[in-house]
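What follows is a set of notes on a single structure, which appears directly below.
FYI, the numbering just counts along the sequence from 1. Both ligands and their constituent atoms are indexed starting at 1 by order of listing.
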Amino acid sequence: MAVSSSSSSSTLKIGIIGFGPFGQFLAKTMIKQGHILRATSRTDHSQLCHRLGISFFSDKRAFLEADNDVILISTSILSLSEVLNSLPVHCLQRRTLIADVLSVKEYPRNVLLQVLPEEVDVLCTHPMFGPESGQNGWKDFAFVYEKVRIRDEATCSSFLRIFESEGCKMLEMSCEEHDKVAAKSQFLTHTIGRVLSELEIQSTSMNTKGFETLIRLKESSVNDSFDLFSGLYIHNRFAKQELLDLEAAFEKVKRKLQQKMEVQQEQSPNESKL
Ligand code: NAP
């Protein structure tokens, strides 16, 4: 294993694996901060990378050997295992920090620990914002992370500073805790947005504020890929219960309405004929 130069300054050489919507979105702020970026991806994003001033590698080996301080994994949740298993990880520089931004956390932590050599540092993160919500900056958005296996604290701190310096609310918590909370918040939000999309709700001439919130929720949910949404379900062990609870809650509301209607009909039987 080769030894890369240590990142004593706060300028990092960051290699992104998975240059889709979220990888591109993160890259723009990292470039603005003066970091040096490279990318590799399934699709050829070389023209876009050229425009952004990023080197694009189609050869994974050359990418891994390109003296990265940090390798940032931003592939879809569903493709993580396939992507990591296709990497010649023995070409990794010993001091490289591997960080991921997947929206579930226990799963990438387990896969990274399984696939990567023991010498490689691992930081699991989830920026709780995206290309739409974070389009005007990252201030006050939560950035969740767990230092899973960190020996080079300096590089890890420099990487975290990218988000700190944009004003993110830095939340250190275990991957397990993240997944528990995210199932009850993010997964629920996406699920309801997808249900509203199945209902094909549309703006009307008499929208209430509440209905406008539902329209926005529907639109923001379907802007994210279905791979992302299904990854939240398949690879977060707490999400299954959340879906069952949602179904049960829906049935409970239906039952309460039905009971109320029956009481009303008993009290004023003639009303029900109107
Ligand atoms: P995504 O649909 O979750 O992932 C798209 C990325 O995955 C692209 O780089 C794509 O590569 C790659 N990919 C998909 N299938 C692949 C396969 N079979 N083999 C190799 N690569 C494959 O959309 P995203 O919004 O860009 O999200 C990327 C990651 O960031 C996800 O893990 C997501 O959970 C996380 N994240 C997203 C947001 C957000 O708001 N979007 C926020 C926080 C975290 P190509 O582009 O090369 O085809």
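Residue E166 is tested with K28, K32, K139 for a salt bridge (Lys or Arg N to Asp or Glu O under 4.0 Å); the sole match is K32.
For atom 41 (N) of ligand 1, the nearest protein heavy atom (residue, atom name, distance) is D224 OD1, 3.5 Å. For atom 12 (C) of ligand 1, the closest heavy atom belonging to the protein is S76 N, 3.9 Å. Protein heavy atom nearest atom 1 (P) of ligand 1, with residue, atom name and distance: S225 OG, 3.6 Å. Counting protein heavy atoms only, atom 27 (O) of ligand 1 is closest to F22 CB, 3.7 Å. For atom 44 (C) of ligand 1, the closest heavy atom belonging to the protein is V101 O, 3.1 Å. The protein atom (non-hydrogen) at minimum distance from atom 11 (O) of ligand 1 is S41 OG, 3.5 Å. Closest to atom 45 (P) of ligand 1 among all protein heavy atoms lies T43 OG1, 3.3 Å. Looking only at heavy atoms of the protein, atom 46 (O) of ligand 1 is closest to H45 NE2, 2.9 Å.
Only the side chain of V83 comes within 4.0 Å of ligand 1, judged by heavy-atom distances. Residue-level proximity to ligand 1 for E132 is absent, since no heavy atom of it falls below 4.0 angstrom. In H126, the part holding a heavy atom less than 4.0 Å from any atom of ligand 1 is the side chain.
Ring geometry, F129 versus F141: the interplanar angle falls from 30° to 60°, so the pair is classed tilted.
Using a 4.5 Å heavy-atom threshold, the side chains of Y107 and D179 count as separate. Annotation: side chain of L228 is in contact with side chain of S225 (closest heavy-atom distance under 4.5 Å).
The shortest heavy-atom distance from Q24 to ligand 1 is not under 4.0 Å. At least one heavy atom of P131 sits closer than 4.0 Å to an atom of ligand 1. Heavy atoms of G231 come nearer than 4.0 angstrom to ligand 1 in no pair at all.
Set against the non-hydrogen atoms of S79, the atoms of ligand 1 under 4.0 Å away are 13 (N), 14 (C), 15 (N), 16 (C), 17 (C), 18 (N), 19 (N), 21 (N), 22 (C).
Under the 3.5 Å distance criterion, the side-chain polar atoms of E146 are matched with a main-chain donor or acceptor of C175. Remark: the backbone N or O of I162 is paired with a side-chain donor or acceptor of S165 at under 3.5 angstrom. Remark: the backbone N or O of F19 is paired with a side-chain donor or acceptor of H45 at under 3.5 angstrom.
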